*Asks:* 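Let me give you the structure first, and then I'll get to my questions.
This is a predicted model, so every value here is computed, not measured.
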Amino acid sequence: MTLLSPLQSISFPSEAELLSKVQPFEDGLLIEDAGRHAVFLPAVWEMLPDKQEFLARLKEKAGLPRHHWSSNFRVFRFYARQTLKEGLHPACFEAGSRVA
């Protein structure tokens with residue numbers, strides 16, 4: 001079973017700044033802009049290890065051009081944690097919980 005952390009907004013003034021804040025192989029990303037959105041789980045880094053390509057493909061998944069940029073572009077990060085299938089405590093499912 002995989003538990004996802006709560007979404008954490010990333011603040012950035014430019015795409016270069018955004019890419020400097022992204023942690024490959026750790027961050028899952030959700031993007032939103034122009035009424036469109038898309039998400040990549042952290043496991044996608046295995047197929048797309050380059051930050052620029054990862055973001056460009058995520059934009060395409062959302063139906064946006066690869067080089068799309070606007071002042072309304074929003075990005076959220078999250079983490080995924082693998083857990084045992086049995087023996088999970090009910091508190092693991094509460095809003096805002098994190099499993100290490």
*Asks:* Do F76 and L4 share a hydrophobic cluster, counting only Ile, Leu, Val, Met, Phe, Trp and Tyr and linking them when any side-chain heavy atoms are less than 4.5 Å apart?
*Replies:* yes

*Asks:* Please verify the inter-ring angle class for W45 with F25; under 30° counts as parallel, over 60° as perpendicular, anything in between as tilted.
*Replies:* tilted

*Asks:* According to a hydrophobic-cluster definition based on side-chain heavy atoms being under 4.5 Å apart (Ile, Leu, Val, Met, Phe, Trp, Tyr only), do V44 and L19 belong together?
*Replies:*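 Yes, V44 and L19 fall within the same hydrophobic cluster.
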
*Asks:* So, taking the atom named CD in Q52 and the one named CG in L18, what distance separates them when rounded to the nearest 0.5 Å?
*Replies:* 11.0 Å

*Asks:* With heavy-atom distances below 4.5 Å as the criterion, would you say the side chains of I10 and L29 are in contact?
*Replies:* yes

*Asks:* Would one find more than 12 heavy atoms of other residues, nucleotides or ligands at under 6.0 Å from atom CD of E60?
*Replies:* yes

*Asks:* Check the pair F73, E15 against side-chain contact (heavy atoms from CB on, under 4.5 Å), reporting the backbone distance first and the verdict last.
*Replies:* CA-CA 10 Å; F73 191 70; E15 186 164 322; over 6 Å; no

*Asks:* L41, L48: one ILVMFWY side-chain cluster at the under-4.5 Å cut-off?
*Replies:*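 L41 and L48: separate clusters.
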
*Asks:* Are side-chain heavy atoms of Y79 and D27 found at a separation under 4.5 Å?
*Replies:*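 They are in side-chain contact.
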
*Asks:* If you take all heavy atoms of E46 and P49, which pair is closest and at what distance?
*Replies:* O-CD, 4.4 Å

*Asks:* Given 3.5 Å as the limit, does a donor-acceptor pair link the side chain of T2 with the main chain of A80, or not?
*Replies:* no

*Asks:* Has R57 got a side-chain atom pairing as donor or acceptor with F40's backbone, closer than 3.5 angstrom?
*Replies:* no

*Asks:* One pair to check against side-chain contact (heavy atoms from CB on, under 4.5 Å): R66 and E53. What are the steps and the verdict?
*Replies:* CA-CA 9 Å; R66 290 176 66 87; E53 186 64 17; 2.6 Å; yes

*Asks:* Rounded at 0.5 Å granularity, tell me how far CD1 in I31 sits from NE2 in H37.
*Replies:* 10.0 Å

*Asks:* Under 4.5 Å between side-chain heavy atoms, counting indirect links through other Ile/Leu/Val/Met/Phe/Trp/Tyr residues: same cluster for V75 and L7 or not?
*Replies:* no

*Asks:* In the single-linkage hydrophobic clustering (I, L, V, M, F, W, Y; side-chain heavy atoms under 4.5 Å), do F12 and L64 co-cluster?
*Replies:* yes

*Asks:* Okay, side chain of K51, backbone of K21: is any donor-acceptor separation there less than 3.5 Å?
*Replies:* no

*Asks:* Could you check if a side-chain atom of V22 sits within less than 4.5 angstrom of a side-chain atom of F54, using non-hydrogen atoms only?
*Replies:* no

*Asks:* Checking the side chain of K59 only, and the main-chain atoms of H67 only, is there a donor and an acceptor separated by less than 3.5 Å?
*Replies:* no

